[in-house]
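Counting starts at 1 for both ligands and their atoms, in listed order. Residue numbers start at 1 and run along the sequence shown.
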Amino acid sequence: MLQFLLTLIQILGLKGETNKKIIYMEDLEKRKQVYGICGECNEPGTGRKWCQPCNVKRFKDNFKNWTSGNKDIDEFIQQSQIDAVHYKKFLEWIPFENFKDITYITRGGFGKIFSAIWSEGCILSWDIENQKWERGINIKKVVLKSLDNSSCISTEFLNEIKSHLRIYLWNVIQCYGITQDPNSKDYMMVLRYCENGNLRNYYLNNELNCYSKIKNLKDIASGLLNIHNAGKIHKDFHSGNILFTSFPYISDLGMCQPTNNENQLAKKEGIYGVLPYMAPEVLRGYQYTKASDIYSFGIMMNEYLSEEIPYNNISHNHTLAIKICKGLRPNIFKYTPKNKYHSQMDEYDDKIKLNESDKKRSNNIQTHSQAIYTSRLLNFKDLPEPVNSDVLQSTLLSECFDCQLDESDLNEINQD
Ligand SMILES: *[C@@H]1O[C@H](CO)[C@@H](O)[C@H](O)[C@H]1NC(C)=O
Ligand SMILES: *[C@@H]1O[C@H](CO)[C@@H](O)[C@H](O)[C@H]1NC(C)=O
Ligand SMILES: *[C@@H]1O[C@H](CO)[C@@H](O)[C@H](O)[C@H]1NC(C)=O
Ligand SMILES: *[C@@H]1O[C@H](CO)[C@@H](O)[C@H](O)[C@H]1NC(C)=O
Ligand SMILES: *[C@@H]1O[C@H](CO)[C@@H](O)[C@H](O)[C@H]1NC(C)=O
């Protein structure tokens, strides 16, 4: 349950903070220009085709018509609906029987993932003429994500979620609502389905040119920056957590936590993650930082450009952890632009076209049976300290990834 709640906290928390900056405008005149006038109350809208005061009345009238069976979850969803200034800013309680074709996809690090058809679709706006919600029926396929042991619930965590309720974030996956599997009693998040799978599926199944890859990396960098700018660290950033429609989205925000919030769980029992993407200092048990997220971004970026899955021909065991702490890194893709991404892009693309045969396809390589790419609990002891650990701790840099990537690089990748 803890994980389920943390993930919800993140989805809603991140939504609000960025939304406030990017979407919600206090200035009535501006709102009038951008969103127009509400057809019911004649006041400026609060979001695209959205009037908060009018829609709150409707939501409230409907509170008595649904229940999750859990008071805390009910209040949580209700509060999200009361606070919503935009259609992406609230959750719905969605009865399980509203889903069809429920198909098991896989086990994630923390729970099970199913796809399903939600023919109703998510609420987009109020249709004044027909006096009903207009729903987005173009996106019918959704993901149902349960988290292990999410059938019982703790009030503290819900309270924390409530304090994060004001949110929206681009490049991060949308959560439509919550449902409950009547058999297992597990609560499940209803999330956007990304038809192109994760980043690894995406590059293995598509011929991608360098322009589109750089464009995708910019979007991913922008998503990660949004998380960092909201004062959070993702903590479990890897290629399996970047999902694609035609655009990339960062998913799996369950581990994502405030910058200064020490993860007690991790301290006691080990750390969660996918070994190749985890910064050496994190493997040694030091706190996650923005820099360790950026280390993970670097590994992901190199994988995407080179199309080589990091360390997939060896076991992800203690020996590898030691090697990473001693400085082992994946082979840096030979055409990776070292400095200015955009000025060198044409040249870069030409080079790649010149010699397609250089591009290795990871799917030709036999993956080692102990190369594990889902998040799991890791607890390595007696890992070697870096030579310059004091420097690392004081500057909040992660250990070198060939050339050092930091927050300013992330900004640069994100800029155009
Ligand atoms: C709630 O349910 C009642 C009775 O079932 C119904 O009359 C009413 O229209 C519903 N309210 C909304 C907002 O759907
Ligand atoms: C759920 O919780 C129980 C008791 O706390 C534990 O024994 C079990 O392993 C947990 N299940 C999973 C899948 O984490
Ligand atoms: C694993 O693959 C890397 C990169 O292709 C290569 O350098 C290394 O020698 C391989 N190791 C083993 C044990 O096959
Ligand atoms: C880790 O796996 C490698 C092969 O990939 C093996 O040579 C090594 O002995 C293993 N180390 C441990 C500690 O199991
Ligand atoms: C392309 O790469 C292959 C293998 O690395 C090399 O043998 C070949 O000479 C290269 N061709 C060009 C045009 O650079």
Side-chain angles (χ1 to χ4, degrees), residues 107 109 197-210 213-214 216-217 236-242 266 268-286 292 294-338 348 351-387 389 398-405:
R107 258 204 81 80
N198 66 30
L199 182 121
R200 190 166 305 134
N201 309 138
Y202 190 64
Y203 73 71
L204 290 174
N205 297 329
N206 295 283
E207 280 300 324
L208 301 169
N209 64 31
C210 172
K213 284 188 183 177
I214 300 271
N216 294 153
L217 287 171
D236 190 19
F237 193 90
H238 60 83
S239 301
N241 279 345
I242 315 290
K268 266 187 237 144
E269 298 169 15
I271 35 172
Y272 277 98
V274 178
L275 180 54
Y277 303 87
M278 294 166 76
E281 68 273 13
V282 170
L283 292 176
R284 289 189 200 99
Y286 291 103
S292 59
I294 296 168
Y295 176 95
S296 311
F297 180 90
I299 302 278
M300 175 281 299
M301 179 168 80
N302 189 61
E303 173 181 353
Y304 195 32
L305 293 173
S306 68
E307 305 197 354
E308 276 189 34
I309 302 172
Y311 314 127
N312 73 334
N313 57 356
I314 49 176
S315 171
H316 293 181
N317 61 15
H318 197 184
T319 310
L320 178 58
I322 291 173
K323 284 183 179 163
I324 291 171
C325 287
K326 286 183 171 168
L328 179 71
R329 299 293 178 267
N331 298 321
I332 304 295
F333 184 48
K334 65 202 260 195
Y335 297 130
T336 302
K338 289 256 192 276
Y348 178 38
K351 265 193 198 162
I352 290 196
K353 274 187 209 129
L354 261 178
N355 202 341
E356 268 309 294
S357 64
D358 268 356
K359 205 166 72 174
K360 280 199 201 132
R361 283 269 166 180
S362 293
N363 50 356
N364 293 333
I365 299 167
Q366 186 68 44
T367 299
H368 193 284
S369 62
Q370 291 305 308
I372 296 162
Y373 293 93
T374 48
S375 297
R376 59 190 171 130
L377 188 63
L378 297 170
N379 195 358
F380 296 122
K381 299 219 162 63
D382 307 322
L383 295 176
E385 290 293 325
V387 187
S389 61
S398 186
E399 279 168 59
C400 268
F401 180 68
D402 186 32
C403 48
Q404 186 74 54
L405 269 180

Flag the pair His316 / Tyr373 as yes when their ring centroid distance falls below 6.0 Å, and as no otherwise. yes
For the side chain of Asp236 and the backbone of Tyr272, is there at least one donor-acceptor N/O pair under 3.5 Å apart? no
Nearest protein heavy-atom contact for atom 9 (O) of ligand 4: which residue, which atom, what distance? Thr319 OG1, 4.4 Å
For atom 3 (C) of ligand 4, what is the closest protein heavy atom, and at what distance to 0.1 Å? Asn317 ND2, 3.6 Å
Can you check atom 14 (O) of ligand 4: any protein non-hydrogen atom closer than 4.0 Å? yes
May I ask which of Asn313, Ile309, Asn312 has a heavy atom nearer to atom 1 (C) of ligand 3 than the others do? Asn313
Could you tell me whether a side-chain N or O of Ser296 sits under 3.5 Å from a main-chain N or O of Tyr277, the two making a donor and an acceptor? yes
Between the CG atom in Leu275 and the NE2 atom in His238, the distance rounded to the nearest 0.5 Å is 12.0 Å
How long is the straight-line distance from CD1 of Ile299 back to CZ of Arg329, given to the nearest 0.5 Å? 6.5 Å
Please list the nearest protein heavy atom to atom 5 (O) of ligand 4 with its residue and the distance rounded to 0.1 Å. Ser315 N, 3.0 Å
Counting from 1, what ligand 4 atoms have a heavy atom of Ile314 closer than 4.0 Å? 5 (O)
For the 3.5 Å polar cut-off, considering only N or O atoms, please tell me whether His318 and ligand 4 meet it. no
Answer yes if the side chains of Glu281 and Tyr295 hold a donor-acceptor pair under 3.5 Å, and no otherwise. no
